[in-house]
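Below you will find the structure I want to go over with you.
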Amino acid sequence: MTATTAFSDAFLRMTERHAAWGAQQLETFNEFMPAGPWTADLDQRLYRQVDRDLRISVLGSFDTSEGSWLWGWTNPGFGGTPVVGAANEIRRLGEAHGIPEFSDDLVDLSAFDDPRFAVETLVFGAMGALGATGYLGVQASPEGRLYMVPDDPGVPRAVPDALTLPRVLLTGAGLLGGSSARAVVAGYFGHHGLTQRQEADRISADLPGGATADVLFDGAGRVASVEMKNVSR
């Protein structure tokens, strides 16, 4: 295992496609979950926070003292059990797309300027690649954080909204340094199955309810503006 100061291009290209959708979905998930104490029964794949129960799958764990991430499939505590189904799917994606962060058993994040922020980025990328409806990070031991994704039909899914779309797209485009704004925008529309039209300087899409979004890009490929037409208020 070799420490790195940056994520691989393969990881960034995969994650940027899900950035805007993932940020919106994570906001929806966090609003759905009540704040308060939690318990987990990993054998039963059940997580409870206050009075809300969720079926979950384990991604992995983060050692805050060493700055290292251990994927669930290789953890001797629950590797090989049904609870690491999401982690196994991530490994398959990592091997298929050449993403070392998704296929290496152990990922050393200690050389990042902020390893704790780096692990959140790693888990966010996994959430997006899986199309999961959120993720949970809990302090499972003094130096260990456990990360899970919900696998539960009761979790609400974010939907495109004409009024909030400009903020959603701009937030997604700014999440990853050096990401392609076009890929972020196209990925968002694609995730929701929206008809989109791509031109040299813009991407347009038809939203549910009849609104149309025109996303314009400047000469550097950044989002210059998001123009909404036929928006119902």
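Atom set for the values below is all heavy atoms of this structure, side chains included, hydrogens, waters and symmetry mates excluded. Index from 1, following the sequence.
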Please check this pair: side chain of E16 against backbone of A181, looking for a donor-acceptor N/O pair closer than 3.5 Å.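 Not at all, since once roles are kept as given, no pair shorter than 3.5 Å links the two residues.
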Shared ILVMFWY cluster between W21 and V159, side chains joined below 4.5 angstrom?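 In one cluster: no.
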Approximate separation, where rounding is to 0.5 Å, of M228 CE and L163 CG: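 Between M228 CE and L163 CG, I get 8.0 Å after rounding to 0.5 Å.
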Rounded distance (nearest 0.5 Å) linking atom CZ of F32 with atom CG of D152: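 Going from the CZ atom of F32 to the CG atom of D152 covers 7.0 Å.
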Of V149, V84, L130, which is the lone residue that meets side-chain contact (heavy atoms from CB on, under 4.5 Å) with I90?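 Between I90 and the candidates, side-chain contact (heavy atoms from CB on, under 4.5 Å) is satisfied uniquely by L130.
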Looking only at non-hydrogen atoms, find the nearest pair between Q49 and A35 and report the distance.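 Minimum heavy-atom contact is NE2-CA, 4.2 Å.
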Do V155 and F29 touch side chain to side chain, with heavy atoms closer than 4.5 Å?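 Yes. Closest side-chain heavy atoms under 4.5 Å.
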Non-neighbouring partners of D151 that pass salt bridge (charged side-chain N to carboxylate O under 4.0 Å, His left out), sequence neighbours left out: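 Partners of D151 under the salt bridge (charged side-chain N to carboxylate O under 4.0 Å, His left out) test: R45, R55.
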So W73 and W71, would you call those rings parallel, tilted or perpendicular, with 30° and 60° as cut-offs?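 Ring orientation, 0 to 90° scale: parallel.
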Taking CZ in R197 as the centre, count heavy atoms belonging to other residues, nucleotides or ligands within less than 6.0 Å. Is the count above 12?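 Yes, because the 6.0 Å sphere around CZ of R197 holds more than 12 heavy atoms from other groups.
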Counting distance only, does the side-chain N/O of Q25 pair as donor-acceptor with the main-chain N or O of A158 below 3.5 Å?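 At least one qualifying donor-acceptor pair exists.
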Specify the closest pair of heavy atoms between E66 and S110, including all atoms of both residues, with the distance to one decimal.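 Closest approach of E66 to S110: O-CB, 3.4 Å.
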Can you check side-chain contact (heavy atoms from CB on, under 4.5 Å) on Y188 and V168, steps first, answer last? CA-CA 9 Å; Y188 179 86; V168 168; 3.8 Å; yes
Using modelled atom types only, decide if a donor and an acceptor are shared between the side chain of Q139 and the backbone of S141 within a distance under 3.5 Å.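 Indeed, once roles are kept as given, a pair shorter than 3.5 Å links the two residues.
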Measuring only between side-chain heavy atoms, which start at C-beta, is R157 closer than 4.5 Å to T28?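 In short, these two side chains do not touch, never coming nearer than 4.5 Å.
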Look at the side-chain heavy atoms of Ile, Leu, Val, Met, Phe, Trp and Tyr, link any pair under 4.5 Å apart, and say whether F78 and L136 land in one connected group.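 Shared cluster, yes.
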Residues which pass side chain to side chain donor-acceptor pair (under 3.5 Å) with H192, listed by chain and number, not counting sequence neighbours: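 Checked H192 against side chain to side chain donor-acceptor pair (under 3.5 Å); zero matches.
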Measuring from atom CG of L70 to atom CG of D104, what distance do you get when rounded to the nearest 0.5 angstrom?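 Reported value, rounded in 0.5 Å steps: 11.5 Å.
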If you compare all heavy atoms of L12 against all heavy atoms of L176, which two are closest, and at what distance to 0.1 Å?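 Smallest interatomic distance, heavy atoms only, reads O-CD1, 4.2 Å.
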Rounded to the nearest 0.5 Å, what separates atom OG in S103 from atom CZ in R92?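 Going from OG on S103 over to CZ on R92, the span is 12.5 Å.
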Taking S57 for the side chain and A86 for the main chain, is one N or O donor matched with an acceptor at less than 3.5 Å?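 Yes; judged by distance alone, with no hydrogens or angles, the pair exists.
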May I ask whether L54 and L46 are part of the same hydrophobic cluster, defined by side-chain heavy atoms of I, L, V, M, F, W, Y residues being less than 4.5 angstrom apart, directly or through others?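 Per the 4.5 Å side-chain linkage, L54 and L46 are not co-clustered.
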Sequence neighbours excluded - side-chain hydrogen bond (donor to acceptor under 3.5 Å, both in side chains) pairs with any residue from residues 77-87: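 As it turns out, there is no side-chain hydrogen bond (donor to acceptor under 3.5 Å, both in side chains) pair with a partner in residues 77-87 once direct neighbours are skipped.
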side-chain contact (heavy atoms from CB on, under 4.5 Å) between L109 and F62: does it pass, once the steps are laid out? CA-CA 9 Å; L109 304 172; F62 181 63; 4.1 Å; yes
Can you tell if the side chain of F102 reaches within under 4.5 Å of the side chain of E95, non-hydrogen atoms only?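 Answer no - side chains too far apart.
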Within the 4.5 Å heavy-atom criterion, are M148 and Y135 side-chain neighbours or not?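 No, side chains not in contact.
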Under 4.5 Å between any side-chain heavy atoms of V83 and D43, yes or no?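 Answer no - side chains too far apart.
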Minimum heavy-atom separation for L175 and A19, please, with both atom names.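 Minimum heavy-atom contact is CD1-O, 3.8 Å.
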Residues that F7 engages under ring-ring contact (aromatic ring centres under 6.0 Å, His included), provided they are two or more places apart: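 ring-ring contact (aromatic ring centres under 6.0 Å, His included) check on F7 returns F11, F112.
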In Å, rounded to the nearest 0.5 Å, how long is the span from OG1 of T133 to CE of M127?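 Atom-to-atom, T133:OG1 and M127:CE are 7.0 Å apart.
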Does some side-chain heavy atom of L165 sit less than 4.5 Å from a side-chain heavy atom of L207?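 Yes, side chains in contact.
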Between atom OG1 of T39 and atom CG of D41, what is the distance when rounded to the nearest 0.5 Å?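 Reported to 0.5 Å precision, the distance equals 8.5 Å.
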With distance as the sole test, does T64 use its side chain to make a donor-acceptor pair with the main-chain N or O of E143 at under 3.5 Å?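 At least one qualifying donor-acceptor pair exists.
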Under the side chain to side chain donor-acceptor pair (under 3.5 Å) test, residues paired with N30 that sit two or more places apart: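 With sequence neighbours excluded, N30 shows a side chain to side chain donor-acceptor pair (under 3.5 Å) to no residue whatsoever.
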Checking side-chain contact (heavy atoms from CB on, under 4.5 Å) between L169 and each of V215, T164, V184, V223, which is the one that passes?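 Per the side-chain contact (heavy atoms from CB on, under 4.5 Å) rule, the option paired with L169 is V215, out of V215, T164, V184, V223.
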Lys/Arg-Asp/Glu bridge criterion (N-O < 4.0 Å) met for E227, R202: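 No, no charged N to carboxylate O under 4.0 Å.
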Run the side-chain contact (heavy atoms from CB on, under 4.5 Å) test on F217 and R182 for me, step by step, so that the C-alpha distance in whole Å, both residues' side-chain angles and the decisive distance to 0.1 Å come before the verdict. CA-CA 8 Å; F217 303 95; R182 289 189 69 95; 3.6 Å; yes
Minimum heavy-atom separation for H18 to F124, with atom names?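 Looking at all heavy atoms of both residues, the closest pair is O-CZ, 4.3 Å.
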S204/D214 under side chain to side chain donor-acceptor pair (under 3.5 Å): CA gap, chis, key distance, verdict: CA-CA 4 Å; S204 302; D214 284 331; 2.4 Å; yes
Exercise: identify the closest heavy-atom pair between F189 and A213: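 For F189 versus A213, the nearest heavy atoms are CZ-CB, 4.2 Å.
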Check whether any side-chain N or O of D218 sits under 3.5 Å from a backbone N or O of R222 as a donor-acceptor pair, and report yes or no.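 Checked: pair present.
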Are side-chain heavy atoms of W69 and E101 found at a separation under 4.5 Å?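 SC-SC contact between W69 and E101 ruled out.
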Are side-chain heavy atoms of D114 and R116 found at a separation under 4.5 Å?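 Yes, side chains in contact.
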Are F117 and L26 joined in one hydrophobic group, where the rule is that I, L, V, M, F, W and Y side chains link up if heavy atoms are under 4.5 Å apart?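 Per the 4.5 Å side-chain linkage, F117 and L26 are not co-clustered.
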If the condition is side chain to side chain donor-acceptor pair (under 3.5 Å), which residues does T171 pass it with, not counting sequence neighbours?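 For T171 there are no side chain to side chain donor-acceptor pair (under 3.5 Å) partners, ignoring immediate neighbours.
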I56 with V50, same ILVMFWY side-chain cluster at under 4.5 Å: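 No: no chain of side-chain contacts under 4.5 Å links I56 to V50.
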side-chain contact (heavy atoms from CB on, under 4.5 Å) evaluation trace for L42 with V58: CA-CA 8 Å; L42 299 184; V58 167; 3.9 Å; yes
